[in-house]
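Proteins get letters first, then strands, A, B, ... in listed order; numbering begins at 1 in each.
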Amino acid sequence: MLREALLIARKDLRVEWRSKVTLGHVAPLALLILVVFAFAFDANARLLELGAGGLYWVAVLFGGTLLIQRAFDVETEDGNFDAFRMSAIGAPSLFLGKSLGVFFQVVLLELVLVPGVVLLYNVRIENWVLLLAAAVGGTLAFSVCGVLWGAMAAGLRVRATLLPLLLVPVLAPVLLAGSRAFETALGVRAEAGWTWTSLMFVIAAVHTAIGLGTFGFLLEEG
Amino acid sequence: MSEVTTVATGWGLSFIVVVTYALWIVGRGKTVGRELGIGGQEELDPGSDSSMPADS
Amino acid sequence: MSTVVNFHKVVAVAGGFPVLAGLDIEIAKGEIVHLRGSNGAGKTSFMRVCAGLIPISDGDANVLGFDMRDDRRSPRRHIGLLGHDNHLYKDLWVQEHVEFRAAATGAEAGDAGAALRRVGLSDRLWSVPIERLSAGQRRRVAIASMLVGRPQLWLLDEPHAALDHEGRGLLDEILVEAASSGATVVFASHERDLSKSVATRVVTLRGGRLMEDSGAA
Amino acid sequence: MAQMPGTKHMTATPATRVLGAVALVAVLLMVLLGLVVSPADVVQGQAVRMLYLHVPSIWIAYGAFVLTSLSSALFLIRSRRRHDGGRHYDRLAGSAAEVGVVFTGITLATGMLWGRVTWGTYWQWDARLTTTVLLFVTYLGYLALRRLPADPMTRGRRTAVMALVSFVNVPIVHYSVDWWRTLHQKASLSVGRRPEITGEMYWTLLYSTLAVTIVASWLIVHRYRVIRLEELRDEEALEALIASRLKEDDVQA
């Protein structure tokens, strides 16, 4: 199972390596969003510093949704969805593989966003370990939910508008927990960032379980 | 807005929503029923959907 | 000769339209069936039903021993389907794509090279992104991707369409080789003369049903 | 294909007429009790009457979404066994979800109005209302997915999976929003806690919940039948297509 999942993930990362969509298009866009937030808040340093944790995750949410869209467009263009469904790889491995692929691409995105937030919103990272754990937890939850809902909307003509509508309500708790955890890590707030981080891992675990069980159903376009 | 007017708007609004929704459903039932051509009152299979106990 | 595909009065609906309307057909192992028929006759739908991608709403369908009413997923690992599209990841290099398809079916990465040579693609092209290939070359990569999976049932929709003369010759050789090694081949094609060279049997569909069957060779 | 040759072509049957009448009477009584008979609250005055609508609506909405998830699960199980099975569960899920969305909407409207009076602002990021708005959007997405044209079984499967996943999400959303707000409230004094409902108000609230349940049931039954009628129409159109295809070939053959 894991071997097959890694196979899918490796293929997705190679597609990314060849097409450079994440690094070339989505990461700069996410950075741009951080800049646009500053316009929205009239470059009010205090406000940006306070909101840095939250704005970061909104940028990840936005960029990540585009990556999910891309991950399934790759699977549906040129009749690939038939091959995806015909593949000898079982649905659970397809699910894990796609999630891993998306996970690494979102991590790529965050490697650009973290320095972006630190520089643009001049925040100091007090607790690196918490920041890292929260980032991993949030990205994991994001990737798993994203792939689950991405498959739901894959191949549909209206997927560009339907996917965000389906995805954001489900990811609201991740955005909430991520923001609070990051604020703690950035020293803006004193609450227990670790509890919020663990909540994100719980969300990731719950959706992984659901995905493993239902991904087969989602592929049955029939 | 005083308390009484707020309560009145709240109840009024909710009633309007429910009534329009109910009328829309029955109306839709009629139009689709007409499209099916066989109007009339035959009894639907009574077994399968007695009123749903929306337990709260 | 064990039956690979057995349809009895099969009705299948896709997109709210009865694409198959009472189809009866039986295909035995090792046959090469040439499916003929105008557009909308049901050629593509027949293959998608065999592949389990479209559910059947009436009649009985049995593919590779699986009853398609109960279990449409299990036979898929033994079936190769090549539609009008090529099912290629256009961003990948030629070799990477075929190696992925090989690994996905449990074959060796090395088989990819052999398959690519078999379809006449010189290794100069192996490290070229599929996007930059011509339609004919892409078709060959698609055929190589299918060859590498060694399916028991080959379903090809208009495979000869984008190929040049040399490509068609190679494809026919591959199909004959697959059939002789125990696989079963079904391909759809408009051109009439093709049926002479390779097919052991010609079947014509119209209106989602069987019209003519030249019977087993 | 259609199970019953002589089927219903109007959504009303004697049984639902009775249910409709009972619902009307119940609502009239509810208005009487809620707006007139029951006393104003010591703390809140008249505003408490809003709760007689607000609280039952959110309970009914949750009840409807429980029904949606339950029937979705049953649909998935049944459709695995018999190719065309479980269609009635799919219809039930669809109708319950739509009614649930209507009542979630009412909950939001009445909640905001109640907030306006007690807290002075329509939206105060109160944990309950925030969760409700997320629930509202989630099931709007469900309805959007349901509207996509697809054959009933594919659509049923897709929406059933979504209903289950969304349902698992409700507690997650509930917990995280609660936790977020209680953190906040610890920081600031929590104002306008819901008044203790006792005595006569308690019975009014209980009765209102019963009345709203009856209304909701009436809506779900009728909505179910409209979906059934629509599916019958599509099936008949399909059968006509199949018949014409068969005829068309015999003529030419």
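With rounding to the nearest 0.5 angstrom, the NE2 atom of C/His84 is 13.0 Å from the CG atom of A/Asp78. Annotation: the span from A/Glu75 atom CD to C/Tyr89 atom OH amounts to 3.5 Å, rounded to 0.5 Å. For the atom pair A/Phe81 CZ and C/Leu53 CG, the distance stands at 10.0 Å (nearest 0.5 Å).
C/Asp91 places none of its side-chain heavy atoms less than 4.5 Å from the side chain of A/Trp17.
In plain terms, the two heavy atoms of A/Leu7 and C/Ala103 that are nearest each other are CD1-CB, 3.4 Å. Minimum interatomic distance between A/Ala88 and C/Ala104 (heavy atoms only, all atoms of both residues): CB-O, 3.7 Å.
Contacts of A/Arg10 with chain C are absent, with no heavy-atom separation under 4.5 Å from either backbone or side chain.
Looking at C/Arg76, its side chain never comes within 3.5 Å of a backbone N or O of A/Met86 through a donor-acceptor pair.
Of all the listed residues (C/Arg73, C/His97, C/Glu131, C/Glu99), the one sharing the greatest number of non-hydrogen pairs under 4.5 Å with chain A is C/Arg73. Contact count against chain A (heavy-atom pairs under 4.5 Å) is highest for C/Asn86 among C/Leu81, C/Asn86, C/Thr105. Heavy-atom pairs under 4.5 Å with chain A were tallied for C/His78, C/His87, C/Arg101; the largest tally goes to C/His87.
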> Hey, mind stepping through A/Val15 and C/Leu92 against side-chain contact (heavy atoms from CB on, under 4.5 Å) and telling me if it holds?
Replying inline: CA-CA 6 Å; A/Val15 166; C/Leu92 292 182; 3.6 Å; yes

> Step by step, would you call C/Glu96 with A/Lys11 a salt bridge (charged side-chain N to carboxylate O under 4.0 Å, His left out)?
Replying inline: CA-CA 8 Å; C/Glu96 287 171 345; A/Lys11 179 263 294 177; over 6 Å; no

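Counting only residues at least two apart or in different chains, salt bridge (charged side-chain N to carboxylate O under 4.0 Å, His left out) contacts with residues 47-62 of chain C comprise A/Asp82-C/Arg48. Sorted by first and then second residue, the pairs that involve residues 165-181 of chain A and meet salt bridge (charged side-chain N to carboxylate O under 4.0 Å, His left out), not counting sequence neighbours, are A/Arg180-A/Glu183.
Counting non-hydrogen atoms of neighbouring residues, nucleotides and ligands closer than 6.0 angstrom, the CZ atom of A/Arg18 exceeds 12 such neighbours.
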